[in-house]
Peer 1: 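The structure that follows is given in the form of structure tokens.
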Amino acid sequence: MKKIIVAFFMAFALLNCSNDETDSPEPNNTLAVPFASAASSTTDTSFQANWVLVPDAESYLIDVSINNNFSEMLAGYNALLVEGNTVAVTGLSQAVTYYYRVRAKRGTEISNNSNVITVKTTGVQPEEPEDPTFLKVKVNALANPFFVGVAVKSNQLTEGSAYDTVLKNEFSSITAEYEMKMNPISTGSGTYNWVATDRIVKYGNDNGINVHGHALVWHNAVPDWLSSFSGTDEEFALEVKKYITDVVTRYAGKIKSWDVVNEAVNDGGNTRNTIFLQKMGANYVKDCFQWARDAANAAGDTDLLLFYNDYGTSTNIPKQNEVFAIVDDLKASNLIDGVGFQMHNTYLSPSKAQIETDINRAVAKDLKVHVSELDIQVNQNNDISFLTDERSLAQKAKYKEIVSIYNALPVENKYALTVWGFKDNESWIPFSTDLNHPGDDWPLLYNNKFELKKAHTGFLEGLD
Ligand code: XIL
């Protein structure tokens, strides 16, 4: 009887024991998908990936990628096995966006992927260095090169200055930004201040750099003595003739080309109502070209190129029509060699087609084309406070576009493509009252520190 009781007790104990085993973790539930939570402790080169623990999971598999579709995993982070709810992801690059996700694991069972967490390391992504190739070096290697010009001030031309170095490396032509206009040169009837002009012309001649003259007649550069001239209209015209004759004669053979008249058409598409029109009459543009031609010929320079120069014609068709009416008239008298298109453009305008249509009108008349004052505004609406990456790329694209338009011109129509200054902070554009420009801007090829901008690379790419 005692034996029976013992056997019964043992059987009960065994049964009990097997009952214990069914209660212990041998789950028949599916493994839950973990929830990935935001990264923490982000630095330039690392972050901590976090997730919420899943009941019954033994470990976790973490993937890190630079693609949000995880097409390729970061080395060492392709299903990295981790226990716990966090892992340090290290050895990363600065300012790069990474993605992570996690799966739970129990034995051979693996859950689906969690949600994806995006994390950007701190720091600044090292800038791609701009292509350091010199502009004129690349242009001169073309089958049909042209002059690459820049607007200068005489005080920039000191040997060994940063301007001097950049100019000699990159440019093959110069235009005086203001010192060769009538108001600084003409101090009175028949009296002149040649100091700055002589310096600019000598610099070009000594260094094998082309010199473009800008501009003999411009309503915005009339010296006070002439704007308050009290003589007759005939005497006024004689003063203008004398000025043109003396300037052209002095620099005959030293200056390759002159803008004879600048901006004679207004934005309404009519002849601009300037003092020259008022006192000299409707034929004044032609008279000025004739005097310039006569002076050059008399001085033995039969190769001087005479340009008509204006702005805003690509987007203003009435103005374009009027400019080309003047050009036609000059051409019919064999007095003009080329048209200067200032191209004070913006990152939005004019379009490629508008520029091409405008320039092609000069090409169709067998005239030379000078893109004479190129700059490209990026803040004409004052909506940025520094040059953003996005705007800088848009500007680069626009520089590339105009250079490629220019470079595609037939060889006989090419002359020069001139940029209106060196450094952004010295451009005439920011806060310009002439232009009603409302704020700061960055329209040129070099920043304030004379470093190459993306715009410079855009210029180079336009030559490809
Ligand atoms: C601007 C210069 O950049 C300024 O420095 C100067 O004070 C005024 O003239 N159209 C022209 C250029 O033809 O001569 C002008 O240059 C810009 C507009």
Side-chain angles (χ1 to χ4, degrees), residues 149-157 163 167 171 173-186 193 196-197 199-200 211-224 227 243-244 247 255 257-267 272 274-276 285 288-289 292 305-316 319-320 323 326-327 338-346 349-350 358 362 369-377 380 402 415-437 440-446:
V150 63
V152 300
K153 299 162 186 156
S154 62
N155 65 8
Q156 296 168 333
L157 304 180
Y163 301 96
L167 207 166
F171 296 96
S173 181
I174 49 177
T175 303
E177 186 167 348
Y178 52 79
E179 287 158 306
M180 286 164 68
K181 291 168 183 166
M182 195 190 266
N183 55 350
I185 293 179
S186 173
N193 179 352
T197 304
R199 187 168 176 196
I200 292 168
V211 183
H212 172 69
H214 172 78
L216 293 170
V217 171
W218 185 32
H219 65 279
N220 263 346
V222 183
D224 290 345
S227 51
Y243 175 78
I244 291 175
V247 176
I255 288 183
S257 51
W258 272 105
D259 290 330
V260 180
V261 178
N262 191 29
E263 303 180 357
V265 179
N266 66 24
D267 293 347
R272 191 185 290 276
T274 65
I275 189 170
F276 303 105
V285 174
C288 293
F289 274 78
L305 300 174
L306 303 184
F307 281 79
Y308 175 81
N309 193 55
D310 217 321
Y311 72 88
T313 49
S314 301
T315 50
N316 183 338
K319 182 170 184 177
Q320 188 184 110
V323 164
I326 291 175
V327 167
V339 181
F341 300 84
Q342 292 184 12
M343 299 286 173
H344 296 293
N345 294 349
T346 78
S349 172
D358 195 12
V369 172
H370 186 193
V371 170
S372 55
E373 304 180 14
L374 179 63
D375 44 31
I376 300 180
Q377 299 168 42
Q380 69 276 16
I402 191 150
Y415 178 55
L417 193 159
T418 297
V419 181
W420 207 241
F422 292 97
K423 292 158 42 170
D424 281 339
N425 57 321
E426 291 167 1
S427 161
W428 75 298
I429 299 279
F431 307 100
S432 162
T433 44
D434 292 340
L435 280 175
N436 279 328
H437 190 282
D440 206 353
D441 213 316
W442 304 271
L444 296 171
L445 301 178
Y446 311 91

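Values below: every heavy atom of this structure, side chains too, minus hydrogens, waters and symmetry copies. Counting starts at 1 for both ligands and their atoms, following the listed order. Position 1 is the first residue of the sequence; numbering continues from there.
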Peer 1: Look only at interatomic distance and state if W218 has a nitrogen or oxygen under 3.5 Å from any nitrogen or oxygen of ligand 1.
Peer 2: no
Peer 1: Here's a test for you: under ring pair (Phe, Tyr, Trp, His ring centres under 6.0 Å), which of F422, F171, Y446 qualifies with Y163?
Peer 2: F422
Peer 1: Give the atom numbers and elements of ligand 1 that come within less than 4.0 Å of a heavy atom of H344.
Peer 2: 17 (C), 18 (C)
Peer 1: Short list, please: which atoms of ligand 1 are under 4.0 Å from a heavy atom of K181?
Peer 2: 1 (C), 8 (C), 9 (O), 12 (C), 14 (O), 15 (C), 16 (O)
Peer 1: Is the side chain of E426 donor-acceptor paired with the backbone N or O of K423 at a distance under 3.5 Å, no angle test?
Peer 2: no
Peer 1: With the threshold set at under 4.0 angstrom, would you say Y311 reaches ligand 1 through any of its heavy atoms?
Peer 2: no
Peer 1: Using only heavy-atom distances, determine whether the side chains of E373 and N309 contain a donor-acceptor pair under 3.5 Å.
Peer 2: yes
Peer 1: Hey, does the side chain of Q377 reach the backbone of I429 with a donor-acceptor pair shorter than 3.5 angstrom?
Peer 2: no
Peer 1: Check this for me - ligand 1, D434, N or O atoms closer than 3.5 angstrom, yes or no?
Peer 2: no
Peer 1: For atom 12 (C) of ligand 1, what is the nearest protein heavy atom, given as residue, atom name and distance?
Peer 2: E373 OE1, 3.3 Å
Peer 1: Under 3.5 Å between any N/O of Q342 and any N/O of ligand 1: does that happen in this structure?
Peer 2: yes
Peer 1: Kindly indicate whether atom 7 (O) of ligand 1 is approached by any protein heavy atom to under 4.0 angstrom.
Peer 2: no
Peer 1: Provide the number and element of each atom of ligand 1 under 4.0 Å from a heavy atom of H214.
Peer 2: 11 (C), 12 (C), 13 (O), 14 (O)
Peer 1: Sub-3.5 Å donor-acceptor pair from the side chain of S427 to the main-chain atoms of D424, do we have one?
Peer 2: no
Peer 1: What are the atoms of ligand 1, with element, lying closer than 4.0 Å to any heavy atom of W420?
Peer 2: 2 (C), 3 (O), 12 (C), 14 (O), 16 (O)
Peer 1: Short list, please: which atoms of ligand 1 are under 4.0 Å from a heavy atom of N262?
Peer 2: 11 (C), 13 (O)
Peer 1: Cut-off 3.5 Å, side chains only: do W428 and D375 have a donor facing an acceptor?
Peer 2: yes
Peer 1: Relative to the heavy atoms of Y178, which atoms of ligand 1 are at a distance of less than 4.0 Å?
Peer 2: 5 (O)
Peer 1: Sub-3.5 Å donor-acceptor pair from the side chain of Y415 to the main-chain atoms of G340, do we have one?
Peer 2: no
Peer 1: Looking only at heavy atoms, is any part of N220 under 4.0 Å from ligand 1, and if so is it the side chain, the backbone, or both, or is it neither?
Peer 2: neither
Peer 1: Based purely on interatomic distance, does W428 place a nitrogen or oxygen under 3.5 Å from a nitrogen or oxygen of ligand 1?
Peer 2: no
Peer 1: For H212 and T175, which I'm curious about, is there any donor-acceptor pair between the side chains at under 3.5 Å?
Peer 2: no
Peer 1: Give me the nearest non-hydrogen protein atom to atom 4 (C) of ligand 1 as residue plus atom name, then the distance to 0.1 Å.
Peer 2: E177 OE2, 3.8 Å
Peer 1: Tell me, with the steps shown, if V260 and F307 meet side chain to side chain contact (heavy atoms under 4.5 Å, CB included).
Peer 2: CA-CA 6 Å; V260 180; F307 281 79; over 6 Å; no
Peer 1: For the aromatic rings, using the six-membered ring if either is Trp, is the centroid distance between Y311 and H344 under 6.0 Å?
Peer 2: no
